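Below is one structure; the comments refer to it alone.
Here the structure is a predicted model, which is why all the values come from computation and not from measurement. Residue numbers start from 1 in every chain, and the chains themselves are labelled A, B, ... in the order their sequence lines are given, proteins ahead of strands.
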There are 2 protein chains.
Amino acid sequence: MIPRVPPSPISSSSVRMSDVARAAGVSLVTVSRVVNEPERVKPDTLRAVRSAIEQLGYVPNLMAGSLASKRSRIVAAIVPTISNLVFSETIEALTRTLADGGYQLLLGQSGYRAGDEAALVDTFLGRRVDGLVLTGEGQPPALRDKLRRAGLPVVQTWELGGEAIDMQVGFSNHDAGRAAAEHLIARGHRALAFIGAQEARSQQRLAGFRAAAAEHGVSDVPAELIRPPALIDDAGPRLAQIVAQRPEVTAVFCNNDLLAAGVLFECRQHGWDVPGRMAVLGFGDLAIARAASPRLSTVQIRRAEIGERAGQMLLARLSGENQGARTVDIGFEVIARAST
Amino acid sequence: MIPRVPPSPISSSSVRMSDVARAAGVSLVTVSRVVNEPERVKPDTLRAVRSAIEQLGYVPNLMAGSLASKRSRIVAAIVPTISNLVFSETIEALTRTLADGGYQLLLGQSGYRAGDEAALVDTFLGRRVDGLVLTGEGQPPALRDKLRRAGLPVVQTWELGGEAIDMQVGFSNHDAGRAAAEHLIARGHRALAFIGAQEARSQQRLAGFRAAAAEHGVSDVPAELIRPPALIDDAGPRLAQIVAQRPEVTAVFCNNDLLAAGVLFECRQHGWDVPGRMAVLGFGDLAIARAASPRLSTVQIRRAEIGERAGQMLLARLSGENQGARTVDIGFEVIARAST
DNA sequence: CTGAAAGCGCTAACAC
DNA sequence: GTGTTAGCGCTTTCAG
């Protein structure tokens, strides 16, 4: 028996719109309409074309479509690193929101290096992405200008303030730092310390933390700044160092919950009671904060909401709406649990 | 004084290659060469064209380039979710490796739903991505066929076995599960339990775990399977449940280190000594394993290496090399620390 | 509701 | 080394 050719569609990369048109006995334009605006095609034609598409295994070339329509349906996002829960949850929500709106996400990682961010922006502009999501608000002026001239919707996330390039969704890291200090001081602590990262937003929080502390007469707040990426296993040694140099410290504000968990473990290692000997305040309200023992007090940031709102703002603009808010403050909330 | 027009480049989206050509007094093709193969252009011309590019603020339209050259320089990756450290570190390494090779990463999240994965693949094929990275090896036959017909390089990650679509880089989850059981049994444990996720790879590990246990006469291994996403705060309650129903259990294998950390915290809550009352074995060797107290024994997976190797395999293929390995086993290693 | 013509901005041959 | 000629596969007018 002669083996028959399997009834499989031709390789997708070789079937073009015109092939479908011929097979369905319509013009190419009609096929385009079936794909993009099916409601404007007569049901009979629609059915015929769709069956041809099916039969041939046609996959529209979105690249060609983008070139012709000047809309790529791609949005790019740049984060310092994706392997930080803090950003990955934002990106997850953003990806989901965009996907629901028919957009895909091109991902870029700056690795906390400004030069890389600029280079990525160039590539993305070259790809004619329809929108851009950035992390932070500290882009160099040249970059800001370039983006404004490019005229595409841009959302800056995770920090408010500065002069927005276009739109912003985030919160005040400075205020969050203030709130952290006030929480610890309200609990009676006067000797505070800070563990964070050598990175803009963390340093904003430190500034706020110190400012609020100073207002209560606590003027000397030691800080340990870890060079990114700040991993959980950096936290323990840093705490040990703080305690060695400043044994009077009774409360530490950690710039994310993972670091705080590291501090919790370190305390356990030394047998220091938390919060008796050392109060620990985290940042972010990651799942680990709720699971830790003792339960971790923390500054809650609704990370997914940042991604969602950023996606919605972008989608709104891309669909022609122009009156939406340009700045969204999603705020933060100090959650008191057992560790402070 | 009449305010002069600022010396800023025209909006990037309006300058075309032909504009640069005119400004530099060369043909359009020469500009294209300056952009893509500068070594084939005479230094003088090069300089002239580059200065014109600079002056006009020209940003090449990669979309048009892709259409003409049939290479998008985009690779797509699909993971269940990016907000799981286990995948995000792989994606981070992949993104970096690809970026160094001049490729960008389009990100898709399947949310552990097979249907979403298939839909994403369609979109990505439509965008004519040059390569594809998938998680796992359990794609439905229709999808596998479609991908093979599409003829683009595909790397499946995080699991070995099955019939590869094209290339694979990962390890045997079944064997990793076996190794976990053997480690615990070697430490004298006979009443084992498992906490994992309702998800293919986790279940492979469970199967291996149970198989090895059975070989040592341990035939009844209770398992708690969490519906994804399995967060750290699910772990404690599950452990509590296991202990309530099976107080004889003395060792638990958690399917990632975050869950294991949750279990550690839960033990602390109850005052159960680890590993005295309960031995805890993690999976992944995330940073938290090294920071935990007690230090967490775990099955180490080199997650970044998966992303790196996947990227390299793709880049090699995209640059025409065809003899590289199609399957890379990156293995795993049981790391004994203090928790077992 | 459907079709014909005219590109989108670039690269791939092939000449010169 | 550089230029000329044809498209890449689709969407957009604008007619009918």
Do A/Ile82 and A/Ile91 come within less than 4.5 Å of each other through their side chains, counting heavy atoms only? yes
Take the protein atom CZ of B/Arg16 and the nucleotide atom C1' of C/dG7, then report the distance between them rounded to whole Å. 11 Å
When you get a sec, tell me which of C/dA4, C/dC10, C/dC14 is the closest nucleotide to the side chain of B/Met17? C/dC10
Hey, is the side chain of B/Ser27 poking within less than 4.0 Å of OP1 or OP2 on D/dT2, counting only N and O atoms? no
Salt bridge (Lys or Arg N to Asp or Glu O under 4.0 Å) for A/Arg201 and A/Glu199? Distances and angles first, verdict last. CA-CA 6 Å; A/Arg201 284 164 295 286; A/Glu199 171 259 319; 3.1 Å; yes
Which residue pairs satisfy the side chain to side chain donor-acceptor pair (under 3.5 Å) criterion with at least one member in residues 70-84 of chain A, sequence neighbours excluded? A/Ser72-A/Asp130, A/Thr81-A/Ser83, A/Thr81-B/Glu92, A/Ser83-B/Glu92
A/Pro38: what forms a side chain to side chain contact (heavy atoms under 4.5 Å, CB included) with it, not counting sequence neighbours? A/Leu46, A/Arg50
Are B/Leu132 and B/Phe124 close enough that some pair of their side-chain heavy atoms sits under 4.5 Å apart? yes
For the side chain of A/Ser66 and the backbone of A/Leu62, is there at least one donor-acceptor N/O pair under 3.5 Å apart? yes
Over 12 non-hydrogen atoms of neighbours within 6.0 angstrom of CZ in B/Arg309: no
CG (A/Leu94) and CZ (A/Arg96) are apart, to the nearest 0.5 Å, by 10.0 Å
Under 3.5 Å, is there a donor-acceptor pair between the B/Glu159 and B/Gln168 side chains? no
How bent is the helix from C/dC1-D/dG16 to C/dC16-D/dG1, measuring the angle between the end axes built from five pairs each, rounded to 10°? 20°
Between D/dG9 and B/Arg128, counting only base atoms on the nucleotide and side-chain atoms on the residue, is there a donor-acceptor pair under 3.5 Å? no
Which residues pass the side chain to side chain contact (heavy atoms under 4.5 Å, CB included) test with B/Arg47, not counting sequence neighbours? B/Pro43, B/Asp44
On DNA chain D, nearest-nucleotide positions of B/Gly25 versus A/Val29: which is more 5'? B/Gly25
Which of residues 61-76 of chain B have a heavy atom under 4.0 Å from DNA chain D? B/Leu67, B/Ala68, B/Lys70
A/Thr30 side chain near C/dT2 phosphate (N/O to OP1/OP2, under 4.0 Å): no
Qualifying residue for side-chain contact (heavy atoms from CB on, under 4.5 Å) with B/Gln139, from B/Val154, B/Asp145, B/Ile165: B/Ile165
Would you say A/Tyr58 reaches D/dC10's phosphate, i.e. side-chain N/O to OP1/OP2 under 4.0 Å? yes
Rounded to the nearest Å, what distance is computed from the CG atom of residue A/Leu28 to the C1' atom of nucleotide C/dT2? 12 Å
Stretch residues 34-46 of chain B: residues that reach within less than 4.0 Å of DNA chain D through a heavy atom: B/Val41, B/Lys42, B/Thr45
To the nearest Å, give me how far apart CG (A/Asp19) and P (D/dC8) are. 11 Å
